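In this text, all values refer to a predicted model and were calculated from it rather than measured experimentally.
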Amino acid sequence: MNSRRSWLIFAVGVFAYLIAVMQRSSLGVAGVEATDRFAVSAAELSSLAVLQLVVYAALQIPTGVMLDRVGPRVLLLAGAALMVAGQLMLALSPAFAVAVVGRMMLGAGDAMTFISVMRLLASWFNGRTLPQVTQWLGTLGQLGQVLSAIPLSFILSEWGWSPAYLSAAALSLFTGVLIAVFISDGAAEGFGQSVSWRAAMKQLRESLRRHGTQLGFWAHFTTQSSGAMFSLLWGFPFLSVALGYGPVLAAGLLTIMVGAGFVTGPIMGVLSARYPMRRSNIVLGAVVSMGIAWAVVLLWPGTPPLWLIVVLIAVLGMGGPGSLIGFDFARTFNPMRSLGSANGVVNVGGFTATFLMMLLIGILLDVMDRASGGSGLPEELYSLDHFRVAFSVQFIVIGAGTVMLLRSRKRTRDSLHESEGIEVAPFWVALGRLWRRKS
């Protein structure tokens with residue numbers, strides 16, 4: 001635990017996740033090109049991303065069960081291979097249907113990556129180091145968005161569709177080589193020798209019943225989804241077409257989200273380690289901040305100024321680090337033997353909200369384009385007025401998730417009080433006590 005070998009494992013795991021994030025977000029910078037290449041509507045384009053995320057979310061729990069049996073190394077290798085195959089299909093796809101299959105394969109490979117790396121970290125690190133390296137994993141992994149926003153976008157504009165996605169496939173191939181050479185399951189060696197499928201399914205059911213796992217699910221649901229929706233698909237058309245910034249500035253603005261994650265991620269990691277009973281308040285703070293930022297942008301009269309868009313994107317960058325607290329809940333309230341299953345349950349949350357919002361936004365954009373007599377061209381389809389209405393769907397989805405988060409938090413605290421006698425006072429009460437002590 002916490003050895004030199006641990007940090008080597010951490011480095012390779014971070015690189016594997018970084019490349020997976022790049023593959024996941026590689027369509028985000030190609031939304032306009034994909035609309036023209038395949039001659040599809042906004043709803044059809046959203047289905048290309050939505051089906052990828054549906055596969056990702058659907059495989060989280062099965063992947064978590066397999067993770068508890070066979071270990072992370074096997075699943076990381078399988079994930080890299082699937083992402084190579086998926087990007088090859090997308091690069092060479094002669095038709096939209098083939099591209100859809102390719103993105104679904106990519107989603108399957110992506111599904112095996114993050115929770116496998118999370119499981120590795122739990123095997124190689126402990127103590128206060130673990131929540132901090134977990135935050136660094138999420139923070140550094142978001143550099144994959146920079147790879148898709150700048151180098152991949154440049155290759156796409158200079159050399160075209162196929163060279164861009166063939167290059168992406170080559171990176172996943174290189175990742176597979178690194179995993180095969182350097183990754184081992186470490187303290188978790190011996191996966192599958194004593195855990196039967198029946199026992200693994202029992203562990204999954206136990207994880208699902210734990211209020212802490214449910215709290216992690218809704219924490220991930222509310223924090224991760226808005227930024228993921230923006231970076232994976234609809235942010236680039238919004239910035240480049242609706243606001244008229246063009247592809248170069250739009251790609252550059254998307255990298256602000258990564259920079260914001262670099263600032264807020266370590267801070268959230270330290271706060272989570274130091275104040276474990278207040279982690280839900282950190283999550284709620286991130287959710288409220290994103291809601292306020294979106295409300296100001298969508299209600300701004302006329303075209304929002306550039307500085308306000310920068311603020312919005314920076315605030316959205318808090319969502320990624322905030323979502324990792326959901327996995328910290330899973331780690332706290334589940335034994336190590338079922339941590340893979342619990343992480344899989346948590347990871348379903350954010351991506352369920354993401355693909356739901358992606359699909360609804362695409363449908364609303366098409367409906368408004370047809371209602372206004374538009375031709376379906378990007379300039380008319382992706383207008384600012386259309387996006388104002390379509391983006392508002394987030395308040396419904398995330399609002400419902402926030403209600404469920406508060407319910408799960410209450411049940412978790414009640415359970416903690418019954419089982420261990422620990423009572424967590426409301427946040428304002430704790431602040432009052434702290435103020436009186438200092439006074």
Side-chain angles (χ1 to χ4, degrees), residues 13 16-17 19-27 46-90 99-120 122 137-138 141 144 172 175-176 179 185 191-192 195 197 200-201 203-205 207-208 213-214 216-217 220-221 224-225 228-229 232-233 323-324 326-327 330 334 338-359:
Y17 177 53
I19 297 302
V21 170
M22 188 211 74
Q23 310 291 22
R24 182 193 307 164
S25 59
S26 60
L27 184 64
S46 68
S47 71
L48 192 62
V50 165
L51 287 173
Q52 170 197 340
L53 294 182
V54 166
V55 171
Y56 181 100
L59 287 179
Q60 285 305 296
I61 293 177
T63 299
V65 173
M66 290 182 63
L67 186 56
D68 290 331
R69 278 188 53 82
V70 303
R73 185 175 184 271
V74 172
L75 292 186
L76 283 170
L77 287 170
L82 283 168
M83 284 187 279
V84 170
Q87 292 292 53
L88 285 175
M89 291 185 70
L90 189 64
V100 169
V101 174
R103 291 301 289 186
M104 291 174 70
M105 292 183 67
L106 189 145
D110 188 12
M112 298 178 181
T113 303
F114 178 70
I115 62 172
S116 296
V117 179
M118 289 287 291
R119 186 67 171 85
L120 274 176
L137 167 66
S172 279
T175 302
I179 293 167
D185 293 333
F191 281 99
V195 181
W197 282 110
M201 294 305 297
Q203 291 173 6
L204 171 61
R205 289 192 296 270
S207 294
L208 286 169
T213 307
Q214 297 167 19
F217 176 95
H220 199 263
F221 185 101
Q224 190 256 12
S225 50
M229 172 279 297
L232 294 181
L233 186 61
S323 70
L324 294 175
F327 298 100
N334 287 272
S338 60
L339 188 54
S341 299
N343 282 340
V345 172
V346 170
N347 211 23
V348 170
F351 288 95
T352 299
T354 299
F355 70 67
L356 179 60
M357 290 194 298
M358 277 183 175
L359 182 60

Point-to-point distance, once rounded to the nearest 0.5 Å, from [atom1] of [X] to [atom2] of [Y]:
{"X": "Met229", "Y": "Leu359", "atom1": "CE", "atom2": "CG", "value": "13.0 Å"}
{"X": "Leu77", "Y": "Met112", "atom1": "CG", "atom2": "CE", "value": "11.0 Å"}
{"X": "Gln52", "Y": "Met358", "atom1": "CD", "atom2": "CE", "value": "7.5 Å"}
{"X": "Arg119", "Y": "Leu75", "atom1": "CZ", "atom2": "CG", "value": "11.0 Å"}
{"X": "Phe217", "Y": "Ser207", "atom1": "CZ", "atom2": "OG", "value": "14.0 Å"}
{"X": "Leu324", "Y": "Asn347", "atom1": "CG", "atom2": "CG", "value": "9.5 Å"}

* Counting only N and O atoms by type, is there a donor-acceptor contact under 3.5 Å from the side chain of Asn334 to the main-chain atoms of Ala330? ->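 Flag set: sc Asn334 to bb Ala330 pair under 3.5 Å.
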* Looking only at side chains, do Ser172 and Gln87 share a donor and an acceptor under 3.5 Å apart? ->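 No.
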* Report the C-alpha separation of Leu120 and Leu76 in whole Å, then their side-chain angles, then the decisive distance to 0.1 Å, and conclude whether the side chain to side chain contact (heavy atoms under 4.5 Å, CB included) test is met. => CA-CA 10 Å; Leu120 274 176; Leu76 283 170; 3.8 Å; yes
Heavy-atom pair with the smallest gap, counting every atom of [X] and [Y]:
{"X": "Ala111", "Y": "Leu59", "value": "CB-CB, 3.9 Å"}
{"X": "His220", "Y": "Gly350", "value": "ND1-N, 2.8 Å"}
{"X": "Ala57", "Y": "Phe351", "value": "CB-CB, 4.3 Å"}
{"X": "Ala99", "Y": "Leu90", "value": "CB-CD1, 3.5 Å"}
{"X": "Val55", "Y": "Ala108", "value": "CG1-N, 3.6 Å"}
{"X": "Gly13", "Y": "Leu137", "value": "O-CD1, 4.3 Å"}

* Student check: side-chain heavy atoms of Met83 and Thr113 closer than 4.5 Å ->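 Yes, side chains in contact.
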* Taking C-beta and beyond as the side chain, do Val117 and Pro72 meet within less than 4.5 Å on heavy atoms? ->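 Side chain of Val117 against side chain of Pro72, heavy atoms only: no contact under 4.5 Å found.
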* To do: Verify the ring-centre separation between Phe327 and Phe114: is it less than 6.0 angstrom?
  =>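 Between Phe327 and Phe114, which both carry aromatic rings, the centre distance is below 6.0 Å.
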* Step by step, work out the side chain to side chain contact (heavy atoms under 4.5 Å, CB included) result for Leu51 and Arg103. => CA-CA 8 Å; Leu51 287 173; Arg103 291 301 289 186; over 6 Å; no
* side chain to side chain contact (heavy atoms under 4.5 Å, CB included) between Ser116 and Met66, worked out -> CA-CA 10 Å; Ser116 296; Met66 290 182 63; over 6 Å; no
* Test log, rule side chain to side chain contact (heavy atoms under 4.5 Å, CB included), inputs Leu208 and Thr213 -> CA-CA 6 Å; Leu208 286 169; Thr213 307; 5.7 Å; no
